[in-house]
Amino acid sequence: MDILERLNEQQKKAVTAAAGPVLVLAGPGSGKTGVLTRRIAYLVQEMRVPPWRILAVTFTNKAAKEMRHRVEALLDGQPRGLSMGTFHATCARILRREVENLTYYDRDFVIFDTADQKQVIKQALADLNLDDKKFQPSKLLHGISAAKNELITPDLYQATTYIAEINRRVYSRYQEVLQANNAMDFDDLLMNTVLLLDERADILQKYQEQYLHVLVDEFQDTNTTQYALLRRLAGGHGNIFVVGDSDQSIYRWRGADYRNIHRFRESYPGAETILLEQNYRSTQIILDAAKSVIQHNKDRVHKDLFTERLGGERITLRENYDGLEEADTIIASIQQLMLDGYSPGDCAVMYRTNAQSRSLEESFVRASMPYRLVGATQFYQRREVKDIIAYLRLVNNPADSVSFNRIINVPTRGVGKKTRDDLLDWAKRHGWQPAEALSKLVTDLDVQHPFRGRAFKSLSKFGEMLTAWISLREQVSVGEMMDLILEQIEFRSYLVDGTDEGQDRWDNVMELYNVAAASESMGLSEFLEQVALVSESDNLEEDSPATALMTLHAAKGLEFPVVFIVGLEDGILPHSRSLDDAESLAEERRLFYVGITRAKDRLYLSHVFRRTTYGETEVAAPSRFLNDLPSELVDSESSSKRRQQTKARASSWNQSSTDGWGLGGRSAATSSSGSRRRQPAASYQPPKANRVPTPKPLPKPRHYGGSSDPEPARPAAAEPQYRTGEKVRHAKFGEGTVIESKVTGNDEEVSVAFQGHGVKRLAASFAKLEKLAG
DNA sequence: GGATCTCATGTTTTT
DNA sequence: CATGAGATCC
């Protein structure tokens, strides 16, 4: 494929720019990913740069994955050795490779997520005899994260006030606790990499020489530490190509600083700056509205965005009575759009806070309209999943006391607070890690210990299992290890308690198992790292027939033919916590701008008269941002007006379809879906028009539809679906032969021998086995 | 030691 | 309203 095909002049200029610093300021919809990927292809193909000498960094796994695919398509095959990944994954890879040069860590260090961090901070506070009610863990963590994002170590932390001094001490202790656990938090991955490169000129030089070209996506979202990293890596040659848009900077609260764009120009005075101003996404009207909104922010780099999609539908602005009516109105609009040839999957509903998704979901369920929730509760944060990961982490890294504490009594095994404290105490006195102490208890029969009777029995039993797992660590695969653990702790019977929720939890564990089993070639550390650095929203299914529901933050980088932005009220968007700070307010405005610019054809904005938050209903004022929309671009409707027009049919505020679109079959929807790893998109339940419209009490939306589709309510204890000898196909493992299959609870456990992959035990509901004829 | 209740808490969350 | 952590009760 010709790399320069169908590029406009500016895009071409960026792709073919000479080596050296390049700054691409890319408006929304201006084809920045295309430019970035073509730049890489150009470097390889035209400038003859070996792929392994190129480093491309992104913020999300999804962006990295997409870039990789597109580069592959351009180059007609895999660019061997190309480094492409998120900042965190890139740093983790460097740290892992250089681990022997790290003072406090050994090779199996683990990555702590926010829940783990909270435990660490509590430990730090306890160690310092500070009250965690007086000093809020979340606040302290935020402060620590901010420091790390600014490359400030505890030693460099300037404390001139009492509270800052507390912060400094907690930060310092927090780092010690992490190190004692052989663990890093997300921010450490970045900071420790920079520190390492600063300490060791030889290592710095090695990476500078390897990465002859550095490319960065979403540059406006970099924080100080990330920018420091980039500057160091590109330090020798200065071949750094960054793409960003300060108008889309919406992660300031995470340390992102779009002023890095200005700094870039100062750091690299010779940098070539290229503006991508042509928008290929939106209609003129939508783009004009977006421009009018963002124009109110000060100190912007001026861009003159334009589109060839002149005209377009006007923006619809609606006032509804309350959130319920707002949701129902949106659904009615989607149904109307369907008559115009749009699919529900062409539509997205965006909101400021996750809490707003609930009422929307309920309305979608009630109307039997398909939807998918993007980036809600993350799979890897689910309790049962975290529990099992904690087991694996402990096996991988017995120093991990956070995981230890998490699972010492999960499933309940008779180790309560007292016994646990005694154990931790005893371990501490001897200078052992908790897991180490447990091993001692079973391996060293002469050891003096404070346990008797039941406590001793429980601890030894667990100690024996743990010791055995650790000794098997090098010999078995991750999947086998997990299988063994699940079996021995009888996790299934612990979870499956006859409720749907219990079954869901077990299903989640089986899904994790499938991920592990598919990661055959990975070592345990590697597996855990991968699991720590992926997130759910990386798996938004494209081309799903369901309307996407997401926060405005989650919407960045996406586009939809039809976009609804809800809750345009002062206090929601802009959010109440941002009202008293100009910089925060500017960021809220950017958030609105990001939302508007996601839309290709149609944009619907809505606010309500009465908003219910935290169970309290209050009158809400329309968002101040609405004043920034030129009235000639907007069609305003309010439900009271509409009601008068359609008086005959609509009679009350509470009626669900106020504008006369009472189409939505009111059959009780069965399954909604969160976006899940390796799950098919939410299955579309078409409105069953002829069903008796008896609105049942709302089923609580299931977290996903995996195990029940496509055959809901498989009779328990029925015949197995799979027979011995039957040939099946699995997405990962390919063809195989069924060895045995048995029905267990609501599911079926199938053992299949796969060519080249050995025998796998799979949960039928997850494995998605395809039966092969013959 | 384990279950149950109460009470505080609540923006966004690429990793 | 809905969730989670900690206290309290059995």
Side-chain angles (χ1 to χ4, degrees), chain A residues 57-64 85-92 111-115 117-119 122 132-133 136-138 141-142 145 148-149 184-190 217-218 220-223 225-226 248-256 323 350-356 358-359 362 374-378 380-381 383 409-421 453-455 458 529-538 540 550-558 567 571-579 584 587-588 590-592 594-595 612-617 700:
Chain A
V57 267
T58 62
F59 277 85
T60 65
N61 291 298
K62 188 183 164 206
T86 63
F87 272 97
H88 292 86
T90 302
C91 287
I111 298 162
F112 273 7
D113 70 11
T114 35
Q117 287 178 280
K118 211 166 168 193
Q119 297 306 119
K122 282 189 176 167
D132 65 2
K133 295 220 171 55
Q136 278 182 18
S138 57
L141 275 173
H142 185 262
S145 175
K148 289 179 178 179
N149 289 335
M184 296 192 197
D185 64 21
F186 291 131
D187 300 318
D188 280 334
L189 294 172
L190 306 172
D217 191 17
E218 306 278 17
Q220 77 282 355
D221 286 337
T222 52
N223 60 38
T225 301
Q226 285 160 332
Q248 294 184 64
S249 165
I250 54 174
Y251 286 101
R252 191 176 76 109
W253 48 278
R254 294 278 250 118
M350 300 172 190
Y351 36 83
R352 177 65 238 264
T353 69
N354 274 313
Q356 293 171 260
R358 185 164 232 107
S359 55
E362 286 174 4
V374 178
T377 317
Q378 306 237 331
Y380 287 107
Q381 273 164 229
R383 195 180 13 165
N409 200 31
V410 175
T412 44
R413 53 169 69 87
V415 181
K417 187 166 161 25
K418 173 87 168 62
T419 312
R420 197 190 68 191
D421 286 350
R454 214 167 52 186
S458 309
E529 176 171 311
Q530 191 208 260
V531 158
L533 295 179
V534 298
S535 81
E536 187 106 14
S537 43
D538 296 335
L540 170 66
M550 68 188 87
T551 62
L552 286 160
H553 283 89
K556 195 173 74 157
L558 306 175
I572 306 255
L573 181 65
H575 195 272
S576 54
R577 297 215 180 181
S578 66
L579 294 179
S584 306
E587 180 143 317
E588 296 288 307
R590 291 193 289 270
L591 203 46
F592 185 33
V594 165
T612 304
T613 13
Y614 305 145
E616 304 240 342
T617 302
K700 193 180 161 86

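As the structure is a computational prediction, the values presented were derived from the model and not from experiment. Lettering follows sequence order; numbering is per chain, from 1. Side chains are part of it too, since the values below use all heavy atoms of this structure and drop only hydrogens, waters and symmetry mates.
A:Thr419 comes within 4.0 angstrom of the backbone, heavy atoms only, and of no base. Residue A:Tyr251 is in base contact, counting any heavy-atom pair closer than 4.0 Å across all strands shown. Using a 4.0 Å heavy-atom cutoff across all strands shown, A:Lys122 reaches sugar-phosphate atoms only and no base atom.
As rounded to whole Å, 6 Å separates atom P of C:dA5 from atom NZ of A:Lys118. Between A:Ile572 atom CD1 and B:dG10 atom C1' there is a gap of 13 Å when expressed in whole angstrom units. Summarising the geometry, the separation between CG on A:Leu141 and P on B:dT15 is reported as 19 Å, rounded to the nearest angstrom. Taking atom CD1 of residue A:Ile111 and atom P of nucleotide B:dT15, one finds them 12 Å apart after rounding to whole Å. The separation between A:Glu218 atom CD and B:dT15 atom C1' is 14 Å, rounded to whole Å. If you take CE of A:Met184 and P of B:dT15, they are 19 Å apart, rounded to a whole angstrom. Nucleotide C:dA2 holds its C1' atom 7 Å from the CZ atom of A:Arg358, rounded to whole Å. Note: CE (A:Met350) to P (B:dT11) measures 22 Å, nearest angstrom.
Dashed line: the shortest gap from a side-chain N or O of A:Asn409 to OP1 or OP2 of B:dG2 is under 4.0 Å. Residue A:Asn61 places no side-chain N or O under 4.0 Å from the OP1 or OP2 atom of B:dT14. For B:dT11, the OP1/OP2 oxygens have no side-chain nitrogen or oxygen of A:Asn354 closer than 4.0 Å. Between A:Thr551 and B:dT13 there is a side-chain N or O to OP1 or OP2 distance below 4.0 Å.
For the pair A:Arg454 and A:Leu189, nearest-nucleotide mapping onto DNA chain B gives the more 5' position to A:Arg454. Mapping A:Thr412 and A:Ser138 onto DNA chain B by nearest heavy atom places A:Thr412 at the nucleotide closer to the 5' end.
Judged by atom type and distance alone, A:Arg254 reaches the base of B:dT15 through a side-chain donor-acceptor pair under 3.5 Å. With hydrogens and angles ignored, a donor-acceptor pair under 3.5 angstrom links the side chain of A:Arg352 to the base of B:dT12.
Here the side chain of A:His553 is nearest to one of B:dT14, B:dT13, B:dA3, namely B:dT13. In this structure, the nucleotide among B:dG1, B:dG10, B:dT12 sitting nearest to the side chain of A:Arg577 is B:dG10. If you check C:dG6, B:dT15, B:dT14 against the side chain of A:Thr86, the one that comes closest is B:dT15.
Evaluation of A:His88 against the base of B:dT15 yields no stacking contact (centre distance < 5.5 Å, interplanar angle < 30° required). Centre separation under 5.5 Å together with a plane angle under 30° holds for the ring of A:Trp253 and the six-membered base ring of B:dT12, marking them as stacked.
A donor-acceptor contact shorter than 3.5 Å is absent between the side chain of A:Thr551 and the backbone of A:Asn354.
Taking the six-membered ring for Trp and thresholds of 30 and 60 degrees, A:Trp253 and A:His553 have ring planes more than 60 degrees apart, a perpendicular arrangement.
Here the shortest heavy-atom pairing between A:Ala92 and A:Leu533 reads CB-CD1, 4.1 Å. Residues A:His575 and A:Glu588 approach most closely at N-OE1, 2.9 Å, considering heavy atoms.
When only modelled atom types and interatomic distance are considered, A:Ser584 and A:Glu587 share no side-chain donor-acceptor pair under 3.5 Å.
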*Should A:Gln117 and A:Gln119 be marked as a side chain to side chain donor-acceptor pair (under 3.5 Å) after you check the CA-CA gap, both sets of side-chain angles, and the distance that decides it?*
CA-CA 5 Å; A:Gln117 287 178 280; A:Gln119 297 306 119; over 6 Å; no
